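Atoms within each ligand, like the ligands themselves, are counted from 1 in listed order. Remember, predicted model here, so these are calculated numbers, not experimental data.
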Amino acid sequence: MLTKVFGSAVYGVDASTVAVEVNVDKGIGYHLVGLPDNAIKESSYRIAAALSNNGYKIPGKKITINMAPADLRKEGSAYDLSLAIGILVASGQIKANNLENFVIMGELSLDGSLQPIRGALSIALQAKEEGFKGFILPMKNAEEAAIVKGIEVFGIKHIKEVTEYFDQGTTLEPMRLDLKTQFSGQIDSWEYDFSDVKGQEGVKRCMEIAAAGGHNIILIGPPGSGKTMLAKRLPSILPPMNIEEALETTKIHSVMGKIKNTGIICQRPFRSPHHTISDVALVGGGSYPQPGEISLSHNGVLFLDELPEFKRSVLEVMRQPLEDREVTISRARFTVTYPSSFMLVASMNPSPSGFFNDSSVNSTSLAEMQRYMGKISGPLLDRIDLHMEVSPVPFDKLSAKRKGETSLEIRKRVTNARQQQTRRFAEAKQVHYNAQMNSRQIREYCVLDLPSAKLLKNAMERLGLSARAYDRILKVSRTIADLEEKRNIEASHLAEAIQYRSLDRAGWMG
Ligand SMILES: Nc1ncnc2c1ncn2[C@@H]1O[C@H](COP(=O)(O)OP(=O)(O)OP(=O)(O)O)[C@@H](O)[C@H]1O
Ligand SMILES: [Mg+2]
């Protein structure tokens, strides 16, 4: 007898329906065709054990399984459940009404319980799109799939629930999730708050500007000055994600199987990979492409702590995605694109051991410092708008009881500044905030009056700022003006923006 069960394959962040055809006939054998990978081929052992432990069996007949379309590669162990149900139905061990209305996915344990799968959200979106009525999947993934409206999502813990549902018409409870409540509930709770940081008013101000305009930022300071502490608090002052952003981000995390019993991700991600990370882990790739850290940071923050410690090749591969805000991975048979629009926050010590602008630095250690700074490529630094020096907070400030301003207060100003940018770029494609402006937009929105233009010219000459610093200063000035709700960039905005180019000023980066 021939039976068809529907599963799904995830490529990039999108899913594509896979039909699992099972035919049970006279003879003997087990044939699996249609570009399955090794994990799927091994599934017969898991399925055999799971079935026999639950009073079923793989029949001693000729079983042919075809996974269609045949030219699409299928990977992983998530087809176990569709294969098992297909075998049971095709061999007459269970009845199946309405099987064609469901997408069924899940990895089996030997006792028949279910293990989570990857990409449940993308699969649910695709299944709904194609008019399926239900999606049966492991309970652990049910919440992320239930974000999708218009399809019933059934989270199950054990294969028995599925066989009894189809065979005996028992009921399965659909997962119900109120997206709006879930989305609004989580938004204002943060693990780290700026009110924990004593002093550091200048750095906080600079981070507020970074958040307001979506500017990349580097924090430079000696060990213990609080760089890591400050960076971790950046997501708490970023404007809230809208529902589209939340869905985009959740999809990527879902594909990586990184969502544990939570539905939609409502908070901007903060990722801080260790400096030993490989190119592939950072930007994505592999023979079965997977998103990297830059995509897991999509709509949030990628924090590279101790930037010069990262391998130069790793920093190089990040340049293109930083510019394009997406990363494309090509393989012989297919190409996948992952979004990667993130804010880069980097930190570094000014030298392996010493301190920036230290009067006691002698010429040897200056050479050492240059070498250290030279490890970060110029083109990468080129994409960082704000350079901020962080000095340790003196003891009396550190021990002061008074709490600093809370993240919530700072975030209000940031959100206000962002709203102006949203209005400004309402017509522009792919530009949402100041950091993304191209040169035409800079000319249009960063107009200087004569005295300001003169100030900038003088500063550039006096401080020996490079041409590349010019555009960065204009963009940052625009954000500072937005924070003050000013229509035009004024001299004071420019003067502040110029301060944030200390690495150019030091003349080290050539
Ligand atoms: N301004 C501050 N307010 C409150 N605590 C602070 C402040 N600065 C530093 N600290 C304390 O010092 C600790 C060390 O700070 P942190 O790890 O952020 O420094 P760092 O600059 O990242 O150092 P390293 O270069 O060694 O990584 C923090 O965990 C915090 O407890
Ligand atoms: Mg640190």
Side-chain angles (χ1 to χ4, degrees), residues 190-211 215-238 268-277 282 293 297 300-312 314-315 318 342-358 360-361 365 368-376 380-381 384 386-411 414 499-500 502-503 506 508:
W190 294 96
E191 194 179 352
Y192 303 111
D193 197 283
F194 265 103
S195 61
D196 307 330
V197 182
K198 304 265 162 49
Q200 300 294 26
E201 301 310 329
V203 190
K204 286 190 214 165
R205 162 75 179 167
C206 188
M207 292 183 81
E208 178 175 335
I209 296 166
H215 302 284
N216 298 329
I217 178 172
I218 183 164
L219 304 172
I220 311 148
S225 55
K227 303 182 293 296
T228 306
M229 183 186 193
L230 286 154
K232 279 189 179 153
R233 283 158 177 79
L234 183 61
S236 68
I237 61 168
L238 287 172
R268 293 186 185 272
F270 179 86
R271 306 286 303 181
S272 53
H274 190 252
H275 59 71
T276 52
I277 192 171
L282 186 71
E293 287 291 332
S297 320
V301 175
L302 178 70
F303 177 41
L304 300 184
D305 208 356
E306 316 292 349
L307 189 68
E309 302 290 335
F310 283 77
K311 285 197 287 288
R312 195 165 174 149
V314 169
L315 299 179
M318 204 175 63
F342 59 91
M343 245 179 98
L344 175 65
V345 180
S347 91
M348 65 184 287
N349 292 314
S351 73
S353 53
F355 188 58
F356 208 33
N357 291 344
D358 188 337
S360 63
V361 173
S365 62
E368 194 180 272
M369 277 158 80
Q370 275 178 341
R371 225 182 7 259
Y372 191 67
M373 303 286 276
K375 284 171 85 174
I376 327 163
L380 178 67
L381 270 185
I384 300 180
L386 296 158
H387 310 160
M388 188 68 214
E389 290 168 49
V390 184
S391 311
V393 170
F395 177 77
D396 53 341
K397 266 200 178 165
L398 212 50
S399 55
K401 288 246 162 32
R402 203 171 67 88
K403 281 243 169 196
E405 202 178 14
T406 63
S407 292
L408 204 60
E409 289 167 85
I410 304 172
R411 191 193 207 197
V414 167
Q499 281 179 39
Y500 301 130
S502 50
L503 289 178
W508 286 344

Can you confirm, on distance only, whether ligand 1 has an N/O atom lying under 3.5 Å from any N/O atom belonging to Gln200?
no
Polar proximity ligand 1 side, Gly221 side, N/O cut 3.5 Å exclusive:
no
Could you list the atoms of ligand 1 found under 4.0 angstrom from a heavy atom of [X]?
X	result
Val197	1 (N), 3 (N)
Val393	1 (N)
Asn349	25 (O)

Restricting to non-hydrogen atoms, name the atom on [X] and the atom on [Y] that form the minimum distance, rounded to 0.1 Å.
X	Y	answer
Pro273	Phe310	O-CZ, 3.6 Å
Ile277	Glu293	CD1-CG, 3.7 Å
Cys206	Met388	CB-SD, 3.5 Å
Met318	Leu282	SD-CD2, 3.7 Å

Taking 4.0 Å as the limit for heavy-atom contacts, which would you say applies to Leu230 with ligand 1: side chain only, backbone only, both, or neither?
neither
Looking only at heavy atoms, is any part of Pro222 under 4.0 Å from ligand 1, and if so is it the side chain, the backbone, or both, or is it neither?
backbone
Are any N, O or S atoms from Ser347 nearer to the Mg ion (ligand 2) than 2.8 Å?
no
Does the protein put any heavy atom within less than 4.0 Å of atom 9 (C) of ligand 1?
yes
Among all the protein's heavy atoms, is there at least one whose distance to atom 31 (O) of ligand 1 comes out below 4.0 Å?
no
How far is [atom] from the closest protein heavy atom, and which atom is that?
atom	value
atom 3 (N) of ligand 1	Lys198 N, 2.9 Å
atom 25 (O) of ligand 1	Lys227 NZ, 2.7 Å
atom 19 (O) of ligand 1	Gly226 N, 3.1 Å
atom 22 (O) of ligand 1	Thr228 OG1, 2.7 Å
atom 13 (C) of ligand 1	Gly224 O, 4.9 Å

Classify the side-chain pair Asp305/Ser272 by whether it contains a donor and acceptor separated by less than 3.5 Å.
no
Looking at [Y], is its backbone amide N or carbonyl O close enough to the side chain of [X] to form a donor-acceptor pair, meaning the two atoms are under 3.5 Å apart?
X	Y	value
Ser195	Gly404	no
Asp193	Thr406	no
Gln200	Ser391	yes
Lys227	Pro222	yes

Tell me whether Gly199 reaches ligand 1 (any heavy atom closer than 4.0 angstrom to a ligand atom).
no
Heavy atom of Asp305, distance to ligand 1 below 4.0 Å:
no
If you measure from CE on Met343 to CG on Asn216, what distance do you get to the nearest 0.5 Å?
7.0 Å
Given Arg233, Lys232, Lys204, the one that forms salt bridge (charged side-chain N to carboxylate O under 4.0 Å, His left out) with Asp196
Arg233
For atom 18 (O) of ligand 1, the option (of Glu306, Met229, Met348) bearing the nearest heavy atom
Met229
